[in-house]
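Take a look at the structure set out below.
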Amino acid sequence: MKLDRLLVVDVEATCWEGDPPPGEASEIIEIGVCELDVATGERLGKHSVLVRPERSSVSAFCTSLTTLTAEQVSGGVTYVEACALLRKEFRSRDRVWASYGDYDRKQFERQGHYPFGPRHVNVKTLFALSRALPREVGLAEALALAGLPLEGTHHRGDDDAWNIAALFGGILRSTRE
Ligand code: AMP
Ligand code: MG
């Protein structure tokens, strides 16, 4: 395990207002990654990997939530290719990875291929614990409590990862003051 940087990851997936249509299930359509320098708590840059769904389609509801269109993600890589890219470009198996809540980790597990190593940090839980909140809060509320701006477009993977990384970086720095 390399501890110099960690990977903050946020996925977007096909979704519907209620249950998926018959024969479809939610699949990842975007993997947002923000690398965080552990020593400084600084963000090193954000990336968006678009993923083409294979057994589901992007609904109008999904586009209104994420801004991602069927056309945009049809130009993406397959999920298996995206996992290979994470391993190669981001050394995802060798680094701690983090996400806001457990949804992202579970979605990777549901899709069969799991591109990460054994170390996952749930920033939603960590944030609530670090501030002794009575309950876990959503990302927008956490940013407001931390006095951080919600940068970019909420519910886009790269922007969500960027904002989650700001929260995580703040927690790391606060333990060293
Ligand atoms: P988020 O990281 O909050 O943008 O959410 C990740 C994914 O969860 C989205 O791409 C959707 O697949 C699903 N999701 C989030 N919010 C909703 C919602 N209100 N209704 C249905 N699915 C949602
Ligand atoms: Mg998101």
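This one's a predicted model, so the numbers in the text were calculated from it and none came from an experiment. Counting starts at 1 for both ligands and their atoms, in listed order.
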Inset, instruction - Give every protein N, O or S atom lying under 2.8 Å from the Mg ion (ligand 2), naming each by residue and atom. - result: Asp10 OD2, Glu12 OE2, Asp160 OD2
Legend entry - Ring centres under 6.0 angstrom apart (Phe61, Trp16): no
Inset, instruction - Go through Arg93 and Phe116 one step at a time and tell me if the side-chain contact (heavy atoms from CB on, under 4.5 Å) criterion holds. - result: CA-CA 4 Å; Arg93 281 218 199 279; Phe116 302 105; over 6 Å; no
If you measure from [atom1] on [X] to [atom2] on [Y], what distance do you get to the nearest 0.5 Å?
X      : Y      : atom1 : atom2 : answer
Asp158 : Ile31  : CG    : CD1   : 12.0 Å
Tyr103 : Asn122 : OH    : CG    : 14.5 Å
Asp102 : Lys106 : CG    : NZ    : 5.0 Å

Inset, instruction - For the pair His155 and Thr67, evaluate side chain to side chain donor-acceptor pair (under 3.5 Å) and give the outcome as yes or no after the intermediate values. - result: CA-CA 8 Å; His155 302 304; Thr67 74; over 6 Å; no
Legend entry - Plane angle bin for Phe108 and Tyr79 - parallel if under 30°, tilted between 30 and 60°, otherwise perpendicular: tilted
Which pairs of nitrogen or oxygen atoms, taken one from ligand 1 and one from the protein, are under 3.5 angstrom apart?
from	atom 1	to	atom 2	distance (Å)
ligand 1	2 (O)	Asp10	OD1	3.3
ligand 1	2 (O)	Asp10	OD2	3.3
ligand 1	2 (O)	Glu12	OE2	3.4
ligand 1	2 (O)	Asp160	OD2	3.4
ligand 1	3 (O)	His155	ND1	3.1
ligand 1	4 (O)	Glu12	OE1	2.8
ligand 1	4 (O)	Glu12	OE2	2.9
ligand 1	4 (O)	His155	ND1	2.7
ligand 1	4 (O)	Asp160	OD2	3.4
ligand 1	10 (O)	Glu12	OE1	2.7
ligand 1	10 (O)	Ala13	N	2.9
ligand 1	10 (O)	Ala13	O	3.4
ligand 1	12 (O)	Ala13	O	2.8

Run the side-chain donor-acceptor check on residues 43-50: report pairs under 3.5 Å with partners two or more places apart or on a different chain.
from	atom 1	to	atom 2	distance (Å)
Arg43	NH1	Trp162	O	3.0
Lys46	NZ	Asp159	OD1	2.9
Ser48	OG	Glu30	OE2	2.6

Legend entry - For Ser57, all residues meeting side chain to side chain contact (heavy atoms under 4.5 Å, CB included), sequence neighbours excluded: Glu24
